[in-house]
Amino acid sequence: MYISKKKIFSFIIYGIFGLLIFSSTILIRDNSLQNWIDIISVILLTLIFIQYFIMKKLNLGIFSFIGIFLMFTYLFHFGNVILLSSPLKSIGLGSFVVNVVGPEYFKDAVIYCLYFVYILFWGVIFATKSKNVKKFYLNEEIEASNLMMSRFLGKVLFIFGVPVFLYISFSKLNASFTGDYLDTFEVQQSIPSFLNFLSTMMNVGICLLLIGYKNNLRVARGILLISIFLQIISMFSGSRGIAVIAIVLYLFVYIKIVNKVKLKNIITYLVIGYIGLALISSIRSIRDFGMDLGKIIEEFIVKLTNENLLLTTLNEFGGTLLTPAVAIQSVPNNVDPGYGLTYVNSVANLIGVNIGEIEIGSFVELINIGAMGGSYIGEAYYNFLNLGWLVAFIIGFLICKVSNKIDLYIYIKDYLKIGYYFPLLIAAFWWVRDSFNYFARISIAGALFYYILIVTTKFILIKYKYPNKKYGKSLY
């Protein structure tokens with residue numbers, strides 16, 4: 001078996017750094033909390049740099065599925081740690097998790113997450129091919145038919161999805177403005193799961209429309225702006241998570257496939273991103289007291305002029321660390337481990353089967369009573385305790401494999417096949433701070449629904465509209 005020199009080099013560098021991580025964390029275990037946080041922060045930032053360096057070395061795109069997944073992992077699980085380091089401590093942010101669970105469980109959670117993301121990246125390295133894959137381009141006729149099919153499928157999913165999306169959004173908006181944010185959860189639970197699914201598939205339709213109109217930048221840009229506007233409207237209910245994920249997915253598709261970012265436009269994108277963060281943060285500040293448009297505008301202006309906006313955003317997102325901390329605090333002391341049943345039942349529940357006594361909407365329900373978000377790292381601990389690190393390797397390996405496959409399809413311009421992965425991307429980005437239950441439902445059901453839609457559409461087009469048209473094997 002051939003292994004490239006770059007991969008061998010990556011093994012050596014990453015392995016040596018791993019030994020340094022494990023030995024350092026053991027040596028500093030009994031240090032004072034502040035000294036411990038400062039050292040962990042240095043280790044964490046060094047780990048990020050080394051992973052970035054290895055990704056570049058192995059020709060893995062930073063702006064890729066695996067790159068964004070890693071970014072979300074660090075943002076949601078380590079934000080509090082960075083904010084508590086000595087250079088930033090005076091700002092007074094980042095203490096939420098340590099105040100809730102105490103210094104010892106805080107340390108345990110950070111170490112568990114640190115080891116988890118380190119081992120996850122081993123999966124990434126192993127998933128990288130040592131030899132360059134032979135790449136080819138589809139002929140122009142098949143590429144054109146793929147773009148046409150992308151437009152058609154995109155329109156179908158959008159036409160059926162947008163009314164449902166607007167119905168759900170305005171129902172939640174009405175609940176949040178006439179009541180409070182918690183009322184939106186009751187609205188969400190009252191909506192049939194199939195309608196929620198159609199609303200999610202609308203995002204797949206938008207991505208397909210962006211691809212289908214990649215040769216018409218004016219139309220593609222209009223689709224992008226309208227789609228982002230729709231998601232912004234939905235955020236005013238107080239629910240921002242899926243909306244943010246959807247916008248990230250739109251931008252991923254637009255920048256990777258439709259119109260790559262030019263150097264002269266970077267400042268414009270950064271300014272727009274900063275304004276978006278201010279809006280997201282404003283909604284978070286207001287929603288617990290009842291949504292009010294005037295208060296949101298006032299808070300938005302305050303946030304926009306706040307010199308610490310990026311740090312306050314990091315503080316809010318970093319609170320996801322609470323879930324692994326509570327999992328470590330609760331399992332196995334007060335709650336029995338899941339032994340993998342949350343993963344098994346998340347898939348089995350799709351066909352109405354449940355194994356054992358564990359019935360879940362989210363694993364968080366099993367370890368805590370309260371409004372606490374999920375965490376894919378916390379879920380691994382709940383199921384397997386420290387053996388959850390083996391899950392980390394599998395996750396890194398599989399996500400990198402999918403990421404490489406998406407990049408390949410983009411490179412050879414086999415755009416229609418990427419549609420199978422859009423539900424998975426939505427589910428995986430959200431899984432970082434949720435549970436496997438959502439991931440399984442959206443990724444599996446979404447891909448199956450997309451396949452049925454493609455087969456049905458191709459049959460209708462070939463039989464009735466274009467009987468002599470060749471669509472090519474690439475459609476499957």
Side-chain angles (χ1 to χ4, degrees), residues 18 21-22 25-26 29 36 40 43-44 47 69-70 72-81 96-98 100-124 317-347 355-399 427-428 430-440:
I21 288 178
F22 295 132
T25 52
I26 291 171
R29 174 67 204 187
W36 184 89
I40 288 294
I43 293 173
L44 185 61
L47 177 60
F69 186 84
L70 283 169
F72 280 157
T73 296
Y74 281 111
L75 181 65
F76 285 106
H77 291 88
F78 297 102
N80 278 193
V81 181
F96 170 66
V97 177
V98 71
V100 173
V101 299
E104 291 307 309
Y105 284 116
F106 175 79
K107 286 183 178 181
D108 290 342
V110 172
I111 292 298
Y112 188 86
C113 292
L114 181 65
Y115 290 177
F116 193 95
V117 76
Y118 171 78
I119 295 171
L120 182 147
F121 198 77
W122 270 116
V124 173
F317 290 169
T320 298
L321 180 66
L322 178 63
T323 306
V326 171
I328 292 170
Q329 188 180 49
S330 305
V331 185
N333 298 329
N334 304 315
V335 179
D336 292 332
Y339 299 112
L341 283 179
T342 66
Y343 300 118
V344 173
N345 282 335
S346 292
V347 177
I355 300 170
E357 297 180 356
I358 295 179
E359 298 183 10
I360 58 167
S362 167
F363 85 98
V364 175
E365 297 171 9
L366 305 171
I367 63 172
N368 181 70
I369 299 174
M372 184 174 69
S375 158
Y376 80 110
I377 299 178
E379 185 170 25
Y381 181 87
Y382 164 73
N383 279 284
F384 302 112
L385 304 180
N386 288 337
L387 289 178
W389 292 322
L390 296 178
V391 176
F393 180 88
I394 296 169
I395 292 171
F397 184 87
L398 293 178
I399 286 186
W430 185 240
W431 183 32
V432 172
R433 63 173 310 276
D434 198 64
S435 66
F436 190 74
N437 185 47
Y438 179 84
F439 177 87

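Of the inter-residue distances, the one linking F436 atom CZ with T342 atom OG1 reads 8.0 Å to the nearest 0.5 angstrom. If you take CG on L114 and OH on Y74, they are separated by 7.5 Å, rounding to the nearest 0.5 Å. The OG atom of S435 lies 11.5 Å from the OH atom of Y382; values are rounded to the nearest 0.5 Å. With values rounded to the nearest 0.5 angstrom, C113 atom SG is found 11.5 Å from I40 atom CD1.
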Considering only distance and modelled atom types, tabulate donor-acceptor pairs under 3.5 Å from the side chains of residues 331-340, sequence neighbours left out.
{"from": "N333", "atom 1": "ND2", "to": "Q329", "atom 2": "O", "distance (Å)": "3.3"}

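At least one side-chain heavy atom of F106 sits less than 4.5 Å from a side-chain heavy atom of V81. Residues L47 and F78 fail the side-chain proximity criterion, which asks for heavy atoms closer than 4.5 Å. Side-chain atoms of F393 and L390, non-hydrogen and from C-beta on, never get closer than 4.5 Å to each other. The closest side-chain heavy-atom distance from L120 to F69 is below 4.5 Å.
Minimum heavy-atom separation, R433 to F76: CD-CE2, 3.5 Å. Between A109 and I328, the shortest heavy-atom contact is CA-CD1, 3.6 Å. The shortest non-hydrogen separation linking A325 to V97 is CB-CG1, 4.3 Å. The two residues N80 and G319 make their nearest non-hydrogen contact at ND2-N, 3.9 Å. Here the closest non-hydrogen pair linking G388 and F116 is O-CE1, 3.4 Å. When all heavy atoms of E379 and D434 are compared, the closest pair comes out as OE1-O, 4.4 Å.
A search for side chain to side chain donor-acceptor pair (under 3.5 Å) contacts involving Y118 returns W122, not counting sequence neighbours. Listed by chain and number, the residues in a side-chain contact (heavy atoms from CB on, under 4.5 Å) with Y115 are I21, F22, T25, I111, W389 (sequence neighbours excluded).
A donor-acceptor contact shorter than 3.5 Å links the side chain of Y112 to the backbone of L385. Judged by distance alone, the side chain of N345 and the main-chain N or O of I355 form a donor-acceptor pair under 3.5 Å.
For the 3.5 Å distance criterion, the side chains of Y376 and T73 qualify, holding a donor opposite an acceptor.
When each of V117, V432, T323 is tested with H77 by the rule side-chain contact (heavy atoms from CB on, under 4.5 Å), just one qualifies, namely V432.
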Discussion item. Side chain to side chain contact (heavy atoms under 4.5 Å, CB included) for D108 and Y381? Distances and angles first, verdict last.
Written reply: CA-CA 12 Å; D108 290 342; Y381 181 87; over 6 Å; no
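Relative ring orientation between Y438 and W430 is described as perpendicular, the plane-to-plane angle rising above 60° on a 0-90° scale split at 30° and 60°.
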